[in-house]
Amino acid sequence: MRATNLYAPTLREVPAEAEIESHKLMLRAGMIRKVASGMYTYLPMSWRTMRKIMNIIREEMDAAGGQELLMPIVQPAEWWQASGRWDVYGAELWRVKDRHDRDFCLGPTHEEAITMTFKQDVRSYKQLPLSLYQIQTKFRDERRPRFGLMRGREFMMKDMYSFDRDEAGLDKTYQRMHEAYTNVFKRCGLKFRPVEADSGAIGGSGSHEFMAIADTGESAIVYCDTCDYAASVEIASVPAGACEKEAFGETQKVATPNCASVEDVANFLGLPTSTVVKTMYYQADDKTVLVLLRGDRHVSEVKLQNLLGCLELSMASDETVEKFGGKAGYLGPVGIKGIEIIADCEVPLMYNYVTGANEEGYHLLNVNYQRGDFVIDKVADIREVTAGEKCPHCGGVLQGARGIEIGQIFKLHDKYSRLLEANYTDEEGVERPAVMGCYGIGVGRTMAAVIEQSNDEYGIIWPMAVAPYQVVVIPVNDKDEALTAAAKKIYDELLRAKVEVVIDDRKERPGVKFNDADLIGYPLRIVVGSKSLAKGVVEVKIRATGETMEIPVEEITEWTKKRIGEELTK
RNA sequence: CGGGACGUAGCGCAGCUUGGUAGCGCACUUGAUUUGGGAUCAAGGGGUCGCAGGUUCGAAUCCUGUCGUCCCGACCA
């Protein structure tokens, strides 16, 4: 490709809308342009990379027994009503009507669609197991699209669905997909970790998220430094440690003016926040519950929602709180009746702690559940784990990190096959629902994650396997005919050798070409200059390491092919 | 959905407080010189100031509404 024809409109200045490095670089390198919030046009450079990532995914999915198909983006409302998700999915489901006023949605995922496909044609255990996948545009009307391709409303996703006869079969398929995902992300050059995760609105249990490690990641994870345990903080579970036994102190009401937060109270009383028990009212669908937690802990709303089995969970309003006898900012469990009280596992083990007095400006000291100061209806693990705690598997120390969720695998079991009646007949002639799994990869997000992990002050540093082009050839002076002819010859030879190469034949000064080459991130740069040419060599620069070397002109094609081969098998 | 901010040329911004008919840098076009890390000079082109009302002799500027965009939070495969 000649740079004079290449549609890669680079920018010197960063558009004001971009916040994180991958978004800025994709805009600056002329890879994407925004159409509306959360919707982008993929210009040729990003689409080449997207296609490479999709092909890596295809190869690994096919190797793991998958077969590619393509379902419609638009799906009838009836399918979603049948699975119950027409109501459950909420405002994120992008609903549309046709001219007859019939309801449809733009597919955010395809469990219903694939299950309906399956049930049309699969009858017998002899047809199982079966794994089907597609790579397709998905729509989710996100509340807050952000960070460019990281969280779009329209995005590219690979989604695979597996059908097995039983749980044992699903376990095998799931494991195989776990390995396939590991291969995909390795080949993309990512630093990543599979973590135990919540299965969310999709339903089912048993799930791993594949997290690309990056400080700008939206998800917090913990991982063990001595074993392979890793989990999202929302779901990570560490057993509550017993507290040192203390004698019950006498409960006292103390004035704590203007101390409406745990931190204020602890500072005011000169105590650590871990000696406070905080009280929160949550609205779970139509029901209000009271939640108790050690003062320095955070509620995992995921765990709480799973415990309560509710669709919507949010903090209750001040009016609701007061209806139950609470006083916002000074909440406590003592004397509260008529509401379910849920305590995190740590709370019943604590002694002599501080709670609100349900009276503005007052707290209680030396409160003890074990003495019967208040009641608890349910004890459960409802808190987020923090870095520094003990690994639940091996006792090592948990480390904290942030990650970009680039893939997730779920065990769906028979949730959809039962609801949509996707059954097969076994050897005994008994009809059984197929046991399903689903496996997603965000293609654009994977591309963004690669950039997020691999860039410097000059631009993108593409791993060879996903670079839009592998090599750029830069003639350094467009007036020197011998030089441009030599560059053209090298370019033609590389093309013949099936190298993905761009020649920067623009009438620009060398500095402009070098800067664009760094910004776009070609893994290899071949510079043809008059001084080196006089010596019969060209200069090669490796983008990733910055190292430069001189290669004789007649060897450059072979050298380049060899180098690309090495990079691709690394 | 709650909180905050911003919409002026393709991009980055100034002008708005104190109303007088729009400006800077980059990019773009033409010519000349220049050619190993974002050149120089000269001459050009490009904007219903997001949109709609209102106030005023006069609105980018003041008022009201509306749409869009971004950030933080909540939420989310």
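Predicted, not measured: the structure shown is a model, and the values here were computed from it. Throughout, protein chains are lettered first and strands after them, A, B, ... in sequence-line order, and every chain is numbered starting at 1.
- In terms of position along RNA chain B, the nucleotide closest to Lys513(A) lies nearer the 5' end than the nucleotide closest to the other residue of the pair Pro108(A) and Lys513(A).
- Rounded to an integer number of Å, the gap from CG of Leu519(A) to P of G37(B) is 18 Å.
- Here the P atom of nucleotide C11(B) and the NZ atom of Lys24(A) are 17 Å apart, to the nearest Å.
- No donor-acceptor contact under 3.5 Å links the side chain of Ser530(A) to the base of G36(B).
- Atoms CD1 (Ile404(A)) and P (C76(B)) sit 20 Å apart, rounded to a whole Å.
- Using a 4.0 Å heavy-atom cutoff across all strands shown, Asp518(A) reaches at least one base atom of the nucleic acid.
- Closest to the Glu13(A) side chain, of the nucleotides C11(B), G36(B), G37(B), is C11(B).
- Side chains of Tyr133(A) and Glu68(A) form a contact here, defined as non-hydrogen atoms less than 4.5 Å apart.
- For the residue pair Arg95(A) and Tyr89(A), no side-chain donor N or O sits within less than 3.5 Å of a side-chain acceptor on the partner.
- Straight-line distance between the P atoms of G20(B) and A59(B): roughly 11 Å, to the nearest whole Å.
- Look at the P atom in both G50(B) and C16(B): the space between them is 15 Å, to the nearest Å.
- Residue Arg509(A) has a polar side-chain atom (N or O) positioned under 4.0 Å from OP1 or OP2 of A39(B).
- Remark: G38(B) base-pairs with no nucleotide; criterion is Watson-Crick or G-U wobble with both hydrogen-bond distances under 3.5 Å.
- The same atom, P, is picked in U29(B) and in G46(B); the two are 15 Å apart, to the nearest Å.
- Using modelled atom types and a 3.5 Å distance limit, the side chains of Ser532(A) and Glu550(A) yield no donor-acceptor pair.
- Atom pair Arg28(A):CZ and G38(B):P shows a separation of 15 Å (rounding to whole Å applied).
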Pull out every protein N or O sitting under 3.5 Å from an N or O of nucleotides 67-72 of chain B, one pair per line with the distance.
unit_1 : atom_1 : unit_2    : atom_2 : d
U69(B) : OP1    : Ser37(A)  : N      : 2.8
U69(B) : O3'    : Lys34(A)  : NZ     : 2.9
C70(B) : OP2    : Ser37(A)  : OG     : 2.9
C72(B) : OP2    : Arg144(A) : NH1    : 3.2
C72(B) : OP2    : Arg144(A) : NH2    : 2.7
C72(B) : N4     : Arg144(A) : NE     : 3.4

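- Interface remark: the Asn477(A) side chain does not form any donor-acceptor pair with the G36(B) base, using a distance-only criterion of under 3.5 Å.
- Between the side chains of Asp264(A) and Ser261(A), at least one donor N or O lies within less than 3.5 Å of an accepting N or O.
- Taking only side-chain nitrogens and oxygens, Gln305(A) comes nearer than 4.0 Å to OP1 or OP2 of C76(B).
- Atoms CD (Glu550(A)) and P (G36(B)) sit 16 Å apart, rounded to a whole Å.
- Distance noted for atom C1' between A9(B) and A5(B): 23 Å (whole Å).
- Judged by Watson-Crick or G-U wobble contacts below 3.5 Å, the nucleotide G44(B) has C28(B) as its partner.
- Summary of the strand contacts: Val512(A) and Glu508(A) both lie near RNA chain B, and taking for each the nucleotide with the nearest heavy atom, the more 5' one is attributed to Glu508(A).
- Across all strands shown, the partner of C62(B) is G54(B), judged by Watson-Crick or G-U wobble contacts whose two distances both fall under 3.5 Å.
- Across all strands shown, C72(B) is found opposite G2(B) as a Watson-Crick or G-U wobble partner, with both distances under 3.5 Å.
- Partners of Gln136(A) by side chain to side chain donor-acceptor pair (under 3.5 Å), not counting sequence neighbours, listed by chain and number: His110(A), Gln134(A), Lys138(A).
- Rounded to a whole Å, the CG atom of Asp516(A) is 12 Å from the P atom of A27(B).
- Within 4.0 Å of Glu92(A), counting heavy atoms only, lie sugar-phosphate atoms of the nucleic acid but no base atom.
- Between Asp456(A) and Arg543(A) there is a salt bridge, since a side-chain N of the basic residue sits under 4.0 Å from a carboxylate O of the acidic one.
- Between Lys507(A) atom NZ and U33(B) atom P there is a gap of 14 Å when expressed in whole angstrom units.
- When each of C76(B), U35(B), G37(B) is scored by its nearest atom to the side-chain atoms of Asp478(A), the top-ranked nucleotide is U35(B).
- To the nearest angstrom, P of G37(B) lies 11 Å from NZ of Lys541(A).
- Among the nucleotides U35(B), G12(B), G36(B), the one closest to any side-chain atom of Lys479(A) is U35(B).
- Side chains of Glu60(A) and Asn183(A): a donor-acceptor N/O pair is present below 3.5 angstrom, by distance only.
- The C1' atoms of G15(B) and U61(B) are separated by 9 Å, rounded to the nearest whole Å.
- Remark: A22(B) base-pairs with no nucleotide; criterion is Watson-Crick or G-U wobble with both hydrogen-bond distances under 3.5 Å.
- A side-chain donor-acceptor contact under 3.5 Å links Ser83(A) and Glu112(A).
- With hydrogens and angles left out, the side-chain atoms of Glu21(A) and Thr216(A) include no donor and acceptor closer than 3.5 Å.
- The same atom, C1', is picked in U18(B) and in A27(B); the two are 35 Å apart, to the nearest Å.
- The side chain of Arg143(A) places no N or O atom within less than 4.0 Å of a non-bridging phosphate oxygen (OP1 or OP2) of C1(B).
- If you check every strand for non-hydrogen atoms under 4.0 Å, Val14(A) touches sugar and phosphate atoms only.
- The P atoms of A60(B) and G68(B) are separated by 24 Å, rounded to the nearest whole Å.
- Residue-level contact check: Arg525(A) touches the bases, meaning some heavy atom is under 4.0 Å from a base atom.
- Taking atom C1' on both G23(B) and A14(B), the two are 7 Å apart, rounded to the nearest angstrom.
- The pairing partner recorded for C16(B) is none, the criterion being a Watson-Crick or G-U wobble arrangement whose two distances lie under 3.5 angstrom.
- Ser530(A) and Asp480(A) form no side-chain donor-acceptor contact under 3.5 Å, judged by distance and modelled atom types alone.
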